[in-house]
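Atoms within each ligand, like the ligands themselves, are counted from 1 in listed order. Here, residue 1 is the first one in the sequence, and each next residue gets the next number. Note that the structure is predicted; figures quoted are calculated from it, not measured.
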Amino acid sequence: MLEGFADRVLVLYAGRVVETGPASSVLSSPRHPYTQALLRCLPPGMAGGLANHKQCLPVIPGEAFVSVAAAEGCRCLFEPRCVERMVICTEREPEMIQLSSTHGASCFKHAD
Ligand code: SF4
């Protein structure tokens, strides 16, 4: 359903691009933990296979607080809220990693 609104999707967290690509690819196979968490929060029928069909929609735990250190690029900005965080996520900001010729995600999970 969401694919009908745009050809490409660009997902922002705290003002930074964390995932970008064709709508069909990002919405059906989100690769960034924030994009995955966002899609789980959509009402049933709006996010294809990731939709949660319970009455209460999930929320992403934590607060969208950005410290001065984080704003200066010292860590992944989503790290405090990420269930997949690693030590490296607190040490520097991940770069955009190309997952295909058109789909990219800024996450250490996809680094070589
Ligand atoms: S870089 Fe680390 S903290 Fe950031 S989204 Fe990826 S796994 Fe989570």
> Under 30°, 30 to 60°, or over 60°: which ring-plane class applies to Phe78 and His32, parallel, tilted or perpendicular?
Replying inline: tilted

> So, does Ser25 use its side chain to make a donor-acceptor pair with the main chain of Gly21 at under 3.5 Å?
Replying inline: no

> Looking at Glu84, which atoms of ligand 1 are within less than 4.0 Å of one of its heavy atoms?
Replying inline: 7 (S)

> Looking at Phe108, which atoms of ligand 1 are within less than 4.0 Å of one of its heavy atoms?
Replying inline: 1 (S), 6 (Fe)

>> When you measure from the side chain of Arg81 to the backbone of Pro61, do you find a donor-acceptor pair of N or O atoms at a distance under 3.5 Å?
In response: yes

>> Suppose I only count heavy atoms of His32 and a 4.0 Å limit; which atoms of ligand 1 are within that range?
In response: 5 (S)

> When you measure from atom 4 (Fe) of ligand 1 to every protein heavy atom, which one gives the shortest distance, and what is it?
Replying inline: Cys76 SG, 2.3 Å

> In terms of atom number and element, which parts of ligand 1 are under 4.0 angstrom from non-hydrogen atoms of Cys89?
Replying inline: 1 (S), 2 (Fe), 3 (S), 7 (S)

>> Please classify the Cys82 to ligand 1 contact at 4.0 Å (heavy-atom distances, strictly less than): side chain, backbone, both or neither.
In response: side chain

> Is there a side chain to side chain donor-acceptor pair (under 3.5 Å) between His103 and Glu19 once you walk through the steps?
Replying inline: CA-CA 8 Å; His103 190 165; Glu19 185 160 4; 2.5 Å; yes

> Is there a donor-acceptor pair closer than 3.5 Å between any side-chain N or O of Ser106 and the backbone N or O of Pro94?
Replying inline: yes

> Any donor and acceptor pair, going by atom type alone, linking the side chain of Glu79 with main-chain N or O of Thr90 inside 3.5 Å?
Replying inline: no

> Counting from 1, what ligand 1 atoms have a heavy atom of Cys107 closer than 4.0 Å?
Replying inline: 1 (S), 5 (S), 6 (Fe), 7 (S)

